[in-house]
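Worksheet for the structure shown next.
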Amino acid sequence: MGTSEELRRITMTPAARRALAAAGRLFYDRGIHAVGVDLIAAEAGVTKKTLYDRFGSKEQIVVEYLADRDERWRAFLAERLDAAPSAPRARIRAVFDASRAWMSDNGSKGCSMVNAHAEISDPAHPAHAVITGQKQWMLDLFTRLAQDVEGLGPDAADRLGRTLMLLHEGALVAHGLKVFPDPVAHARDEAEALLAEAAER
């Protein structure tokens, strides 16, 4: 996610939280462009004026939706990483297992960031930085975990981090598309095979 200078956030009132919860459900289920401010207001039980008073624009509602989802995901993942053994392989497995649990509870249509990017590809859109920042954060996480794998040099760790990221993101997309059962578990198993190979070198 962008820095506080790059990304404007609003202070949440109870009405704004209700609106954000409604917007989050609607944006994820129906798509960002398909959902108007009138529908969000009706679902949240607030007036359209209240929405604009709190958020200023639909664009800002989208920013808050994606930023909130990202923050909840990072907190969800942090709990599982904190509980995982310290070995790099166990921590990498924990990321995939966390994604599998998250997608089961929160991701029937796949990754909200990938879905949003399909609708928001303009870097000038204020939500674009949230989307790309979340994916950069995941790449950085996988790279840091790869750097902890014993015997890997910096270049090999960078390559492994990117490969883990590709496995992870591909699994999230396949989950949303329902191409085959349990793609996140499949990606986790492939990641473990890669790590076993790396350990044998």
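The first residue in the sequence is number 1, and the count goes up from there.
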**Request:** Determine, stepwise, if the pair M113 / L172 fulfils side-chain contact (heavy atoms from CB on, under 4.5 Å).
**Result:** CA-CA 10 Å; M113 300 295 164; L172 300 187; over 6 Å; no
So, for [X] and [Y], which heavy atoms are closest and what is the spacing to 0.1 Å?
X	Y	value
G133	R74	O-NH2, 4.2 Å
L139	G161	CD1-O, 4.0 Å
A157	L152	CA-CD1, 4.2 Å
I131	A116	CD1-CB, 3.8 Å
V63	A127	CG2-N, 3.6 Å

Measure the spacing between [atom1] of [X] and [atom2] of [Y] and express it to the nearest 0.5 Å.
X	Y	atom1	atom2	result
S99	R80	OG	CZ	10.5 Å
N115	I120	CG	CD1	11.0 Å
L141	H168	CG	NE2	9.0 Å
L160	E197	CG	CD	10.5 Å

**Asked** Are the side chain of E64 and the backbone of I10 linked by a donor-acceptor contact shorter than 3.5 Å?
**Response**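 Present.
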**Request:** Kindly state each residue pair satisfying side-chain hydrogen bond (donor to acceptor under 3.5 Å, both in side chains) with at least one member in residues 14-32, sequence neighbours excluded.
**Result:**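 Matches after skipping sequence neighbours: none remain.
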**Item:** Contact list for residues 151-166, test side-chain hydrogen bond (donor to acceptor under 3.5 Å, both in side chains), sequence neighbours left out
**Value:**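 Every pair satisfying side-chain hydrogen bond (donor to acceptor under 3.5 Å, both in side chains) with a residue in residues 151-166: there are none.
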**Summary of salt bridge (Lys or Arg N to Asp or Glu O under 4.0 Å) pairs that have at least one residue in residues 104-113, sequence neighbours excluded** =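 Listed by first then second residue: nothing to list.
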**Asked** Quick one: salt bridge (Lys or Arg N to Asp or Glu O under 4.0 Å) pairs with a partner in residues 122-140, sequence neighbours left out?
**Response**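 Sorted result for residues 122-140: K135-E169.
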**Asked** By side-chain contact (heavy atoms from CB on, under 4.5 Å), which residues pair with V173, not counting sequence neighbours?
**Response**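 V114, L177.
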**Partner residues of A78 under the side-chain contact (heavy atoms from CB on, under 4.5 Å) criterion, sequence neighbours left out** =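 side-chain contact (heavy atoms from CB on, under 4.5 Å) check on A78 returns nothing, list empty.
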**Message:** By the ring-ring contact (aromatic ring centres under 6.0 Å, His included) test, which pairs, at least two apart or in different chains, include something from residues 39-81?
**Reply:**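 Pairs touching residues 39-81 that pass the test: F27-Y65, W73-W102, F76-W102.
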**Request:** Please list all pairs passing the ring-ring contact (aromatic ring centres under 6.0 Å, His included) test where one or both residues lie in residues 114-135, with sequence neighbours left out.
**Result:**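 Qualifying pairs: H117-H128.
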Please report, to 0.1 Å, the donor-acceptor pairs under 3.5 Å made by any side chain of residues 88-97, with sequence neighbours excluded.
| unit_1 | atom_1 | unit_2 | atom_2 | d |
| --- | --- | --- | --- | --- |
| R91 | NH1 | L81 | O | 3.1 |
| R93 | NE | D97 | OD2 | 3.4 |
| R93 | NH1 | E192 | OE1 | 2.9 |
| R93 | NH1 | E192 | OE2 | 3.1 |
| D97 | OD1 | R188 | NH1 | 2.8 |

**Prompt:** With sequence neighbours excluded, what pairs up with D182 under the side chain to side chain donor-acceptor pair (under 3.5 Å) test?
**Reply:**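 D182: side chain to side chain donor-acceptor pair (under 3.5 Å) contacts with R100.
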**Message:** Going by side chain to side chain donor-acceptor pair (under 3.5 Å), name the residues that satisfy it together with S108, two or more places apart in sequence or in a different chain.
**Reply:**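 Testing S108 for side chain to side chain donor-acceptor pair (under 3.5 Å), a comparison that skips the adjacent residues, returns none.
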**Prompt:** Do M12 and L26 sit in the same hydrophobic cluster, where Ile, Leu, Val, Met, Phe, Trp and Tyr count as joined when their side-chain heavy atoms come under 4.5 Å apart?
**Reply:**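 Both belong to a single hydrophobic cluster.
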Report all side-chain donor-acceptor pairs from residues 31-51 shorter than 3.5 Å, counting only partners two or more places apart or in another chain.
| unit_1 | atom_1 | unit_2 | atom_2 | d |
| --- | --- | --- | --- | --- |
| H33 | NE2 | E119 | O | 3.0 |
| D38 | OD1 | K48 | NZ | 3.4 |
| T47 | OG1 | T50 | N | 3.0 |
| T47 | OG1 | T50 | OG1 | 2.8 |
| K49 | NZ | D53 | OD2 | 2.8 |

